[in-house]
Amino acid sequence: MSTHKLLITGAFGQLGTALTEALIYKYGSDAVIASDLKVRDDFDCETLELDATNLEAIDEVVRKYRVTQIYHLAAVLSAKGEQQPLRTWDLNNSTFFNVLEAARLNDVQKVFFPSSIAVFGPDARQENVAQDFALNPTTVYGISKVAGEHWARYYNTKYGMDVRCLRYPGLISYQSLPGGGTTDYAVDIFHKAINNEEFVCYLKPDTQLPMLYMDDAIDATIRMMEASKRDIKTVGYNIQGVSFSPEIIAAEIKKTFPDFEISYQPDSRQQIAESWPISLDDACARDEWGWEPSFDLKRLTEEMIYRLELKKNRNLSVFA
């Protein structure tokens with residue numbers, strides 16, 4: 001029987017869905033507890049309705065199941081967060097505080113916190129942005145992620161905990177639909193292409209952003225969490241996959257779907273995108289715990305098309 005007991009909050013979101021499946025595959029069904037405000041029968045593991053704003057509820061679950069690691073994924077994302085900034089700040093921070101406190105009170109071995117390229121600001125709108133570049137976010141989502149990194153560092157220093165963070169670029173996956181992020185166009189564009197629909201993009205055609213295929217994101221997460229504590233030398237690691245713009249990914253999709261059409265109607269998300277890096281320098285992650293991406297633009301595109309066509313042919317609910 002596995003000695004691990006892993007609690008995932010926000011397990012039914014875009015990242016949560018893929019990460020939960022990967023953790024079940026790696027550690028076994030008995031080792032994983034998938035929680036969210038609403039749950040489905042998606043996973044072959046224990047599932048719980050859990051409100052991460054409730055410290056007592058989290059503490060009870062951690063004690064009951066003797067949780068050894070917490071992956072805290074519950075959050076309001078960038079674009080959606082700007083619609084209700086105060087609620088986003090409150091929810092994103094209060095849930096993480098609750099996880100940190102439940103972990104501290106119960107001697108949880110490790111905590112994972114997903115940070116983001118949103119921690120950077122307009123002064124970082126360049127290529128190969130260093131890990132220690134100034135953090136000047138312009139969204140409440142980004143501000144909450146900077147705060148989360150600082151709180152992770154605080155708990156590590158003050159209480160001797162082991163809280164680890166990755167700064168994800170835009171995540172591209174076939175497992176679930178977009179969830180309100182600025183980079184989500186790079187998921188939605190594939191769904192439109194598969195369904196022979198025109199895609200109306202909310203960013204300008206030449207707006208380049210760093211992206212990461214979900215398999216690479218999961219590999220980075222598990223690789224970092226399994227690394228020896230002595231190899232984790234910072235809080236908030238950059239990881240870089242491939243950077244592209246809407247016109248670049250559209251051209252790649254057209255190699256398979258020549259009649260695919262895209263038009264552009266930039267909205268408020270354009271300003272957010274222009275405050276983020278074009279690409280990241282992830283040398284620290286590569287050197288310290290062996291990070292290396294597997295998906296370039298061509299392979300990412302081919303895999304997304306293959307997986308989504310498979311889903312469509314099977315009439316899965318994502319296309320309902």
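A salt bridge links R104 with E101: the closest approach of a Lys/Arg side-chain nitrogen to an acidic carboxylate oxygen falls below 4.0 angstrom. Salt-bridge check for R307 with E303: passed, with a basic side-chain N closer than 4.0 Å to an acidic carboxylate O. Taking 4.0 Å as the cut-off between side-chain N and carboxylate O, D206 and K204 do not count as a salt-bridged pair. Under 4.0 Å is where a charged nitrogen must lie from a carboxylate oxygen, and between K26 and E226 at least one such pair does. Ion pairing between K298 and D296 fails under the 4.0 Å rule for side-chain N and carboxylate O. Between D231 and K229, no side-chain nitrogen of the basic residue sits less than 4.0 Å from a carboxylate oxygen of the acidic one, so the salt-bridge criterion is not met. Of the charged side-chain nitrogens involved, none lies within less than 4.0 Å of a carboxylate oxygen, so that E309 and K312 do not count as a salt-bridged pair.
Hydrophobic cluster membership is shared by M214 and L73, with clusters built from Ile, Leu, Val, Met, Phe, Trp and Tyr side chains linked at under 4.5 angstrom. V99 and Y65 fall within a single hydrophobic cluster, where Ile, Leu, Val, Met, Phe, Trp and Tyr are joined by side-chain heavy atoms under 4.5 Å apart, directly or via other members. Hydrophobic clustering keeps I222 apart from Y25 (ILVMFWY residues linked when any side-chain heavy atoms are closer than 4.5 Å, directly or through intermediates). Residues F113 and I8 do not share a hydrophobic cluster, clusters being chains of Ile/Leu/Val/Met/Phe/Trp/Tyr side chains in contact below 4.5 Å. Linking ILVMFWY side-chain heavy atoms closer than 4.5 Å, directly or via other members, places L135 and I143 in two distinct hydrophobic clusters.
Counted by atom type alone, Q270 and T207 present one or more donor-acceptor pairs between their side chains at under 3.5 Å. T221 and Y71 share no donor-acceptor pair across their side chains, judged by distance under 3.5 Å alone. Under 3.5 Å, the side chains of Y237 and E288 contain a donor-acceptor pair of N or O atoms. Residues N106 and D59 bring a donor and an acceptor atom of their side chains to less than 3.5 Å of each other. A side-chain donor-acceptor contact under 3.5 Å links E149 and S115.
Counting non-hydrogen atoms of other residues, nucleotides and ligands closer than 6.0 Å to CD of Q265 gives a total of 12 or fewer. No more than 12 heavy atoms of other residues, nucleotides or ligands lie within 6.0 Å of CD in E60, so this atom counts as exposed by the packing criterion. Crowding of Y159 atom OH: a count of heavy atoms from other residues, nucleotides or ligands under 6.0 Å exceeding 12. Heavy-atom contacts from other residues, nucleotides or ligands closer than 6.0 Å to CD of Q126 number more than 12. When the shell of 6.0 Å around CG of D44 is examined, it contains 12 or fewer heavy atoms from other residues, nucleotides or ligands. Residue-environment remark: CD (Q271) stays at or below the threshold of 12 foreign heavy atoms within 6.0 Å.
Distance check, rounded to the nearest 0.5 Å: CG of L209 to CG of L203 gives 6.5 Å. We find the CE-OH distance between M161 and Y155 to be 7.0 Å, quoted to the nearest 0.5 Å. Rounding to the nearest 0.5 Å places CG of L166 at 11.5 Å from OG of S116. The CG atom of L212 lies 6.0 Å from the CG atom of L171; values are rounded to the nearest 0.5 Å. In this structure, CD1 on I33 lies 9.0 Å from NZ on K64, to the nearest 0.5 angstrom. Of the inter-residue distances, the one linking I70 atom CD1 with Q109 atom CD reads 11.5 Å to the nearest 0.5 angstrom.
The two residues Q131 and R167 make their nearest non-hydrogen contact at O-NH1, 2.8 Å. Across R299 and S294, no two heavy atoms sit closer than the pair NH1-O, 3.2 Å. The two atoms that bring P246 and Y264 nearest to each other are CB-CE2, 3.8 Å, heavy atoms only.
Looking at C284 and K233, their side chains never come closer than 4.5 Å, going by heavy atoms from C-beta outward. I189 places a side-chain heavy atom less than 4.5 Å from the side chain of I253. In this structure, Y202 and D184 have side chains that are in contact, with non-hydrogen atoms separated by less than 4.5 Å. Using a 4.5 Å heavy-atom threshold, the side chains of K5 and Q69 count as separate. Side-chain contact between R87 and V76: present, with at least one pair of heavy atoms (C-beta onward) separated by less than 4.5 Å. Between N196 and F260 there is no side-chain heavy-atom pair separated by less than 4.5 Å. Side-chain atoms of K80 and Y141, non-hydrogen and from C-beta on, never get closer than 4.5 Å to each other. Between F112 and M224 there is a side-chain heavy-atom pair separated by less than 4.5 Å.
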Quick one, F96 with W151, criterion ring-ring contact (aromatic ring centres under 6.0 Å, His included). Give me CA distance, side-chain angles, the key distance, then yes/no. CA-CA 9 Å; F96 188 39; W151 278 108; 8.8 Å; no
Step by step, would you call T3 with T68 a side-chain contact (heavy atoms from CB on, under 4.5 Å)? CA-CA 8 Å; T3 57; T68 61; over 6 Å; no
Under the side-chain contact (heavy atoms from CB on, under 4.5 Å) criterion, do D36 and L50 qualify, and how do the steps go? CA-CA 5 Å; D36 215 317; L50 180 62; over 6 Å; no
CA sep, side-chain torsions, deciding dist, call: E198, S263, side chain to side chain donor-acceptor pair (under 3.5 Å): CA-CA 8 Å; E198 179 187 1; S263 60; 2.9 Å; yes
In sequence, state the C-alpha distance, the side-chain angles, and the governing distance for I194 and H191, and then conclude on side-chain contact (heavy atoms from CB on, under 4.5 Å). CA-CA 5 Å; I194 293 294; H191 287 267; 5.9 Å; no
Can T95 and T9 be said to form a side-chain contact (heavy atoms from CB on, under 4.5 Å), step by step? CA-CA 9 Å; T95 56; T9 67; over 6 Å; no
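Between the side chain of D216 and the main chain of G241, no donor-acceptor pair closer than 3.5 Å is present. K110 places a side-chain N or O within donor-acceptor distance of the main-chain N or O of M225, the cut-off being under 3.5 Å. Remark: the backbone N or O of I272 is not paired with any side-chain donor or acceptor of T182 at under 3.5 angstrom. A donor-acceptor pair is defined here as one N or O able to donate and one able to accept, closer than 3.5 Å; such a pair exists between the side chain of N93 and the backbone of W89. For the pair K311 (side chain) and Y174 (backbone), a donor-acceptor distance under 3.5 Å is present. Between the side chain of Q240 and the backbone N or O of L280 there is at least one donor-acceptor pair closer than 3.5 Å. Side chain of E82 to main chain of V140: a donor-acceptor pair is present (N/O by atom type, distance under 3.5 Å, no hydrogens or angles). Using a distance-only test at 3.5 Å, with no hydrogens or angles considered, a donor-acceptor pair links the side chain of S243 to the main chain of I278. The main-chain N or O of S94 is found under 3.5 Å from a side-chain atom of N98 such that the two form a donor-acceptor pair. Looking only at distances, no side-chain donor or acceptor of S275 sits under 3.5 Å from a matching main-chain atom of G121.
Considering L6, V32, I218 in turn, I218 is the only one that fulfils the side chain to side chain contact (heavy atoms under 4.5 Å, CB included) rule with L19.
Relative ring orientation between Y213 and F295 is described as tilted, the plane-to-plane angle lying within the 30° to 60° band. Taking the six-membered ring where tryptophan is involved, the planes of F43 and F12 are tilted, since the angle between them lies from 30° to 60°.
Geometrically, K145 does not engage F120 in a cation-pi contact defined by less than 6.0 Å to the ring centre and at most 45° from the axis.
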